[in-house]
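See below for the structure under consideration.
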2 protein chains.
Amino acid sequence: MPMELDARKQKVLKAIIDDYIESAEPVGSRTLARKHDLGVSPATIRNEMADLEMLGYLEHLHTSSGRVPSSKGYRFYVNGLIPPKPVSDEEKKIINDWYKARVRRIDEVFQETARIISKVTKNVSLVLAPQMTQARFRVLQFLPLDDRRVITVLMTDAGFVENKIVEMPSGATFEDFQRMAMVINKNLAGRSLAAISPERLLPIRDEIGDEGLYESALEVVNRALDAGKQERLYLGGTTQMLTQPEFHDVEKVKHTLMMLEEEELIKDILHAHMGDGLEVTIGQENEDSQMKDSSIITATYHLNGELLGTIAVLGPTRMEYAKAMSLLEYMNDNLTEVIRKYNW
Amino acid sequence: MPMELDARKQKVLKAIIDDYIESAEPVGSRTLARKHDLGVSPATIRNEMADLEMLGYLEHLHTSSGRVPSSKGYRFYVNGLIPPKPVSDEEKKIINDWYKARVRRIDEVFQETARIISKVTKNVSLVLAPQMTQARFRVLQFLPLDDRRVITVLMTDAGFVENKIVEMPSGATFEDFQRMAMVINKNLAGRSLAAISPERLLPIRDEIGDEGLYESALEVVNRALDAGKQERLYLGGTTQMLTQPEFHDVEKVKHTLMMLEEEELIKDILHAHMGDGLEVTIGQENEDSQMKDSSIITATYHLNGELLGTIAVLGPTRMEYAKAMSLLEYMNDNLTEVIRKYNW
DNA sequence: TTTAGCACTCATTCACTGAGAGTGCTAACA
DNA sequence: TGTTAGCACTCTCAGTGAATGAGTGCTAAA
């Protein structure tokens with residue numbers, strides 16, 4: 001379908017979407033003609049609107065209630081009509097100052113990134129923190145908790161620390177665990193977490209000697225690594241989103257909040273949307289039925305070509321795409337830079 | 001005022017409050033007579049109600065709209081009329097299983113405690129985690145971040161780990177910091193965080209030699225200790241609270257969520273309410289004007305007579321006091337036990 | 001002291017109405 | 001042939017008024 005929409009149709013579509021994004025009200029021909037200076041009469045706009053609706057770019061709730069963009073309409077808008085809205089220098093400065101003032105612990109970078117995004121876009125933001133496969137093993141330590149359990153602390157060279165409670169196998173003593181720790185540390189220090197495979201652990205087997213104890217070591221190391229590799233999800237803007245008229249209904253708020261509490265579900269959604277760079281998924285385009293009236297914009301950050309994590313904005317289909325997209329792009333670069341610098 | 005309320009008045013007041021807590025609707029004489037078997041006619045109840053209102057235990061929104069308990073009414077109810085509602089053995093089992101299944105990292109105890117409380121009471125729960133003054137210094141480590149900053153990692157003997165970013169003073173090198181770490185660790189290992197005072201650090205001064213470097217050491221240790229001592233606030237149930245009819249209005253939800261986001265404010269409120277054991281503050285009794293229509297129940301947990309932290313339920317004045325109070329009591333004992341066991 | 005009876009007050013619901021914004025269609029116009 | 005004015009029609013929304021129902025306060029009788 002070459003040139004499905006002529007220039008004027010595009011202009012009308014853009015005007016409608018811009019207006020709707022701003023007002024959240026269905027837009028009619030008369031008001032559109034009044035506000036945007038399109039140079040044609042309402043009647044003409046009505047005709048164009050009818051065409052656009054026929055083609056699937058607009059929707060009609062009831063006869064005579066103004067038009068609302070469809071997912072297809074938004075898609076066309078995002079792909080071609082969208083006005084660029086780069087992050088201004090002032091905004092950049094504000095963001096950087098914010099980081100400086102707030103990030104006191106290294107992992108707070110992610111939480112603060114989420115906060116910034118939600119503050120600016122007034123929507124929910126999601127940040128999936130990297131798995132630290134780049135990080136290098138520094139030291140594994142055991143601490144006695146009670147007579148049945150120990151705390152395992154794994155530290156990486158970038159200062160990221162992960163601790164986990166582990167049951168001791170029956171028969172093992174804490175002294176055994178300490179001996180294990182020495183052997184493990186000697187063998188693994190300096191290795192990247194990603195490179196620690198079961199084979200790497202084989203030398204440890206010989207040094208430990210005891211077969212049963214070796215099995216425990218294996219399990220403990222793996223569990224500590226799992227914790228270290230685990231993706232962390234940071235969430236922001238659950239309060240900001242209430243300013244959107246879409247959430248005027250408490251039931252909807254509750255539903256959305258409950259969905260956001262399901263961390264695994266959210267992670268799945270993010271994984272499914274992870275693409276190359278900036279990815280926009282609009283309303284109906286979503287697989288998940290709960291997301292049919294939401295849009296999600298994701299941006300992934302990489303290091304040396306390897307995918308590390310994702311930052312995203314989640315909101316109603318009526319969303320300031322231009323703003324959200326350029327912000328995500330900027331935050332993405334920023335985060336990549338931080339991670340590169342801190343050698344995660 | 002001896003015996004301000006005779007037995008029947010108390011019975012009526014209790015019936016009204018029970019009913020209102022359940023239904024959230026102003027309660028009238030007819031329905032009250034129907035539901036609760038008080039053995040008197042609505043007219044008599046009306047008379048009693050009028051008396052109770054005169055005395056300040058009940059309130060009237062408009063003529064003819066049923067009565068609602070006042071703060072004073074709730075207070076009397078909580079102090080004397082409240083039916084005991086101990087946590088059942090099944091509930092205890094569910095709670096313990098929950099802990100077992102979810103607590104994988106030691107600090108998750110607090111988050112999960114908050115979750116449980118909010119799940120059961122359907123209100124917001126707050127948990128102020130202890131300052132770890134009981135904890136003993138294990139090791140302080142420095143990790144290079146970039147050429148200007150280092151990450152300081154403080155670990156206690158209970159496996160609690162705290163990391164913080166610190167600027168290096170100009171002139172100092174990372175090697176200096178490593179040397180400092182050795183000296184500090186040698187001198188402080190095994191001491192309780194509370195016992196680490198500036199005087200304790202004096203021996204370090206001589207060992208380090210360099211005056212400027214000693215100043216840095218002092219500052220770094222203090223900042224690491226600060227981080228270690230900092231109270232952490234855990235929050236739960238912001239979604240659950242939406243099931244309360246009090247939050248049918250989105251504006252109110254937004255207002256409450258925004259208040260809850262102000263961590264310092266919440267901490268202040270908790271500190272102000274911290275008492276000896278279980279403390280109930282009802283509506284108007286609150287100092288903070290934002291809390292005039294909320295009630296807060298706090299319970300503090302101690303170790304060896306020293307106050308460690310607080311757990312609390314925050315909700316509308318219409319709250320299931322009996323349930324919340326006994327639950328808090330139970331969770332409080334539980335948490336004290338956990339902390340005692342893990343030697344925090 | 002308790003209760004029945006009664007007049008009265010609000011809040012809520014429902015149907016109805018008119019205004020306003022919007023559409024689609026047709027016919028006239030450039 | 002594309003554009004526009006005009007008009008009939010639709011639908012939503014705010015406002016009005018009546019009916020309903022739950023509740024109160026007061027008075028007089030039991």
Side-chain angles (χ1 to χ4, degrees), chain A residues 3-13 15-17 19-20 22-70 73 245-246 248-249, chain B residues 3 5-13 15-20 22-70 73 245-246 248-249:
Chain A
M3 222 19 197
E4 195 180 51
L5 299 185
D6 61 43
R8 194 173 65 189
K9 278 196 177 47
Q10 293 192 17
K11 211 167 140 191
V12 170
L13 180 59
I16 291 172
I17 298 187
D19 200 82
Y20 184 66
E22 201 199 314
S23 71
E25 309 264 288
V27 14
S29 55
R30 215 179 322 238
T31 43
L32 195 70
R34 222 183 302 131
K35 279 207 257 181
H36 302 255
D37 202 20
L38 295 174
V40 288
S41 78
T44 311
I45 294 176
R46 273 206 289 284
N47 290 333
E48 297 288 31
M49 280 174 153
D51 291 352
L52 284 168
E53 185 174 352
M54 203 76 84
L55 292 166
Y57 294 92
L58 296 178
E59 272 166 12
H60 225 191
L61 302 181
H62 302 276
T63 317
S64 99
S65 81
R67 256 80 172 203
V68 162
S70 68
E246 275 81 357
H248 257 334
D249 173 28
Chain B
M3 218 28 195
L5 298 185
D6 61 44
R8 194 172 66 188
K9 278 196 177 45
Q10 293 192 17
K11 210 166 141 193
V12 171
L13 180 58
I16 292 173
I17 297 187
D18 281 341
D19 199 82
Y20 183 65
E22 200 199 313
S23 71
E25 308 264 291
V27 11
S29 55
R30 214 182 321 238
T31 43
L32 196 70
R34 221 184 301 133
K35 279 207 257 181
H36 302 255
D37 202 20
L38 294 174
V40 287
S41 79
T44 311
I45 294 176
R46 273 207 288 284
N47 288 333
E48 297 288 31
M49 280 173 155
D51 290 354
L52 285 168
E53 184 173 354
M54 205 74 84
L55 293 167
Y57 294 94
L58 296 179
E59 272 165 13
H60 225 192
L61 302 180
H62 303 275
T63 318
S64 98
S65 81
R67 257 80 172 203
V68 162
S70 68
E246 275 82 357
H248 256 336
D249 172 28

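Reckoned from all heavy atoms, side chains included, excluding hydrogens, waters and symmetry mates. Per chain, numbering begins at 1; letters A, B, ... match sequence-line order.
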Query - Sugar-phosphate only, base, or nothing, as touched by B/R34 at under 4.0 Å among non-hydrogen atoms - result: nothing
Requested in this report: Go along nucleotides 9-21 of chain D 5' to 3' and tag each nucleotide: B for a protein heavy atom under 4.0 Å from its base, S when only backbone or sugar atoms are that close, - otherwise.
Outcome: -BSS---------
Query raised in the report: Say you draw a straight line from NE2 of B/H60 to CD of B/E53; how long is it, rounded to the nearest 0.5 Å?
Result: 5.0 Å
Report summary line: For A/Y20 and A/P69 the tightest heavy-atom approach is CD2-CD, 3.4 Å
Query raised in the report: Measuring from B/I16:CD1 to B/Y57:OH, what's the distance to the nearest 0.5 Å?
Result: 13.0 Å
Report task. Measure across A/L32 and A/M49 and return the closest heavy-atom pair with its distance rounded to 0.1 Å. Result -> CD2-CE, 4.3 Å
Report task. Compare every heavy atom of A/P245 with every heavy atom of A/A24, then report the nearest pair and how far apart it is. Result -> CB-CG, 3.7 Å
Report summary line: side-chain contact (heavy atoms from CB on, under 4.5 Å) filter on B/T31, not counting sequence neighbours, yields B/R34
Requested in this report: Would you mind reading off the distance between A/K9 atom NZ and D/dG2 atom P, rounded to a whole angstrom?
Outcome: 10 Å
Query raised in the report: Quick one: how far along DNA chain C does chain B reach, first to last nucleotide 5' to 3', anything under 4.0 Å to a heavy atom?
Result: C/dT2 to C/dA11
Query raised in the report: Which part of the nucleic acid does B/R30 contact within heavy-atom distance under 4.0 Å: base, sugar-phosphate only, or nothing?
Result: base
Requested in this report: Taking only heavy atoms on the protein side, list every residue of residues 37-48 of chain B lying under 4.0 Å from any atom of DNA chain C, sorted numerically.
Outcome: B/V40, B/S41, B/A43, B/T44, B/R46, B/N47
Requested in this report: Please list, chain by chain and in numerical order, all residues satisfying salt bridge (charged side-chain N to carboxylate O under 4.0 Å, His left out) with B/D51, sequence neighbours excluded.
Outcome: B/K9
Query - Polar side-chain atom of B/E59 near backbone of B/V68 as donor-acceptor pair, under 3.5 Å - result: no
Can you list, pair by pair, the side-chain donor-acceptor contacts under 3.5 Å of residues 35-46 of chain B, counting residues two or more places apart and other chains?
{"residue": "B/K35", "atom": "NZ", "partner": "B/D19", "partner atom": "OD1", "Å": "3.1"}
{"residue": "B/H36", "atom": "NE2", "partner": "B/D19", "partner atom": "OD1", "Å": "3.3"}
{"residue": "B/S41", "atom": "OG", "partner": "B/A43", "partner atom": "N", "Å": "3.3"}
{"residue": "B/S41", "atom": "OG", "partner": "B/T44", "partner atom": "N", "Å": "3.4"}
{"residue": "B/S41", "atom": "OG", "partner": "B/T44", "partner atom": "OG1", "Å": "3.3"}
{"residue": "B/R46", "atom": "NH1", "partner": "B/S29", "partner atom": "OG", "Å": "3.2"}

